[in-house]
There are 2 protein chains.
Amino acid sequence: MAERQLPGPSASESGAPQAAGRARARKQRPVLDLGVLDGHLGYFVRRLQVWIFQDFVRTLSAFDIRPAQFSVLVVIEANPGLSQADLAETLGIERARLVRLLDGLERRGLTRRRPSPTDRRSHALTLTDTGVATLKRIKSQAAEHEAHLANRLGADKRDVLLKALRNFA
Amino acid sequence: MAERQLPGPSASESGAPQAAGRARARKQRPVLDLGVLDGHLGYFVRRLQVWIFQDFVRTLSAFDIRPAQFSVLVVIEANPGLSQADLAETLGIERARLVRLLDGLERRGLTRRRPSPTDRRSHALTLTDTGVATLKRIKSQAAEHEAHLANRLGADKRDVLLKALRNFA
DNA sequence: TATTGTTATACTCTATAACTATA
DNA sequence: TATAGTTATAGAGTATAACAATA
């Protein structure tokens with residue numbers, strides 16, 4: 001794991017790592033003009049999203065879990081017995097991609113595909129006992145990641161954003 | 001280009017395509033529980049970001065340009081003569097990836113790498129005349145995409161988000 | 001005819017590591 | 001020693017098409 005500075009999510013837990021690690025000098029760069037990018041919401045949404053993903057992956061590195069995998073585990077837990085098609089539709093993931101995603105989670109013993117009692121084409125998805133136990137710990141770490149975000153963004157601003165975006169998709 | 005429905009950005013320009021194309025019936029799906037995802041800002045930021053990218057690509061399909069390419073063109077135009085390292089740092093793109101990105105734009109005659117007058121290791125990036133002219137038209141389409149977003153999100157909410165995120169990265 | 005899960009392909013993007021030529 | 005541009009690789013993710021089994 002290499003060190004990362006500036007725009008990336010900080011590896012330090014809190015506040016100012018000022019006099020701690022004797023931060024190496026970095027090349028000074030000119031502040032550039034963003035041009036019309038400054039008026040495009042998409043640019044800033046993307047920057048925020050990248051920051052969030054990086055912090056999520058780092059904060060949950062002990063579990064080797066990525067945001068997409070997390071979302072799959074959470075939705076299966078909340079809706080046991082659901083089908084792959086329904087899961088894919090809910091999360092906006094391609095059915096085709098979900099296959100590999102579930103293969104991975106299944107190989108790790110976290111999820112299970114059972115035959116659907118009502119439709120022989122589809123699978124009924126559930127968490128294994130290990131999956132439930134592991135997800136409990138994962139959720140705890142994910143909450144810590146969310147705290148990082150609130151800290152970085154300001155708790156008030158984070159709440160505003162959450163409410164504003166909740167009804168979007 | 002296949003049809004796309006529901007969560008994706010609508011292909012229709014405005015309002016309600018209700019009685020127009022006699023939309024095909026879609027399988028009815030149960031509304032699933034998002035579980036703790038509902039409290040994670042990252043999930044909704046990701047959904048919004050995906051929507052924005054899709055609408056951007058569709059709205060600018062006549063130019064075959066993607067968000068990353070757009071951001072590169074805009075920042076070069078606003079900071080002629082800048083280096084690849086500075087551009088990469090500003091946009092949060094890996095230096096390694098920027099190389100291919102610029103190769104593509106250069107092949108299309110939009111950008112140019114000139115020798116830096118002060119540092120023989122680095123390049124001074126500029127738009128070509130074609131690049132300037134093309135970008136002008138691209139920016140017009142990008143503005144239309146931004147209008148779609150404001151329409152979808154609500155103009156007021158869009159403004160709030162832009163202000164909230166501008167100072168993030 | 002349409003849907004479910006699946007396989008396959010192409011492309012974008014992130015994350016790294018390494019190399020060369022310069023500074 | 002460090003930086004600039006480059007090449008290469010591995011993996012995630014998107015987009016798309018096709019197929020067999022089933023509805």
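Letters go in sequence order (proteins before strands), and every chain restarts at 1. As the structure is a computational prediction, the values presented were derived from the model and not from experiment.
A:Ser116 comes within contact range of no nucleotide atom at all, as no heavy-atom separation falls under 4.0 Å. Backbone-only contact: B:Arg29 has heavy atoms under 4.0 Å from sugar-phosphate atoms and none from a base.
Here the nucleotide nearest the side chain of B:Ala85, chosen from C:dT14, D:dA4, C:dT4, is D:dA4. Picking from C:dT4, D:dA15, C:dT12 the nucleotide with the shortest atom distance to the side chain of B:Gln54 gives D:dA15. Among the nucleotides C:dA17, C:dT4, D:dT14, the one closest to the side chain of B:Ala96 is C:dA17. Side-chain proximity of B:Val99 to the nucleotides C:dT14, D:dT14, D:dT6 is greatest for D:dT6. Listed nucleotides C:dG5, C:dC13, D:dT6 differ in distance to B:His123; the shortest reach to its side chain belongs to D:dT6. Among the nucleotides D:dT16, D:dG13, C:dA17, the one closest to any side-chain atom of A:Glu94 is D:dT16. Which of C:dA15, C:dT4, D:dA4 sits closest to the side chain of A:Ser122 comes down to C:dT4.
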Would you tabulate the nitrogen or oxygen pairs shorter than 3.5 Å linking the protein to nucleotides 21-23 of chain D?
| unit_1 | atom_1 | unit_2 | atom_2 | d |
| --- | --- | --- | --- | --- |
| D:dA23 | OP1 | A:Arg120 | N | 2.9 |

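One finds a salt bridge joining B:Arg158 and B:Glu146 here, because a Lys/Arg side-chain nitrogen approaches an Asp/Glu carboxylate oxygen to under 4.0 Å.
The distance from atom CD of B:Glu144 to atom CG of B:Leu149, rounded to the nearest 0.5 Å, is 13.0 Å. A distance of 7.5 Å separates CG in A:Leu125 from CG in A:Leu98, rounded to the nearest 0.5 Å. Here B:Lys139 contributes atom NZ and A:His40 contributes atom NE2; the two are 9.0 Å apart, rounded to the nearest 0.5 Å.
Rounded to an integer number of Å, the gap from A:Gln49 CD to C:dC13 P is 12 Å. Spacing between atom CG of A:Asp103 and atom C1' of C:dT7 amounts to 11 Å, rounded to whole angstrom units. Taking atom CZ of residue A:Arg97 and atom C1' of nucleotide D:dA17, one finds them 18 Å apart after rounding to whole Å. Atom P of nucleotide D:dG11 and atom CZ of A:Phe53 are separated by 19 Å, given to the nearest angstrom. Between A:Gln28 atom CD and D:dA2 atom P the separation is 18 Å, expressed in whole Å. Rounded to whole Å, atom P of C:dA15 lies 15 Å from atom CZ of A:Phe56. Between the C1' atom of D:dA4 and the CD1 atom of B:Ile93 lies a distance of 16 Å, rounded to the nearest Å. Rounded to whole angstrom, the span from the CZ atom of B:Arg100 across to the P atom of C:dA15 amounts to 18 Å.
Stacking of A:Arg137 on the aromatic ring of A:Phe63 is not recorded, the 6.0 Å distance cut-off and the 45° axial limit not both being met. Judged by the 6.0 Å distance and 45° axis criteria, B:Arg47 is not positioned over the aromatic ring of A:Phe168.
Between A:Arg46 and C:dT12 there is no side-chain N or O to OP1 or OP2 distance below 4.0 Å. Taking 4.0 angstrom as the limit, A:Lys27 places none of its side-chain polar atoms (N or O) nearer than this to OP1 or OP2 of C:dA23. Contact check, B:Gln84 against D:dT3: no side-chain N or O comes under 4.0 Å of OP1 or OP2. Using a 4.0 Å cut-off, some side-chain N or O of A:Arg66 falls inside it from OP1 or OP2 of D:dG13.
Across the interface with DNA chain C, nearest-nucleotide mapping of A:Ser83 and B:Gln69 shows A:Ser83 to be the residue nearer the 5′ end.
The two atoms that bring B:Ile65 and B:Phe56 nearest to each other are O-CE2, 3.8 Å, heavy atoms only. For A:Asp38 against B:Arg166, the heavy-atom pair with the smallest separation is O-NH2, 2.8 Å. Contact record, A:Glu106 with A:Arg112: OE1-C, 4.1 Å, taken as the closest heavy-atom pair.
DNA chain C is contacted by no residue of residues 104-115 of chain B, taking any non-hydrogen atom closer than 4.0 Å.
Put simply, the residue from B:Ile93, B:Leu87, B:Thr111 that forms a side-chain contact (heavy atoms from CB on, under 4.5 Å) with B:Leu101 is B:Ile93. Put simply, the residue from A:Asp64, A:Leu105, A:Val74 that forms a side-chain contact (heavy atoms from CB on, under 4.5 Å) with A:Gln69 is A:Leu105.
Scanning atom types as modelled, one donor and one acceptor separated by under 3.5 angstrom connect the side chain of A:Arg95 and the base of C:dG5.
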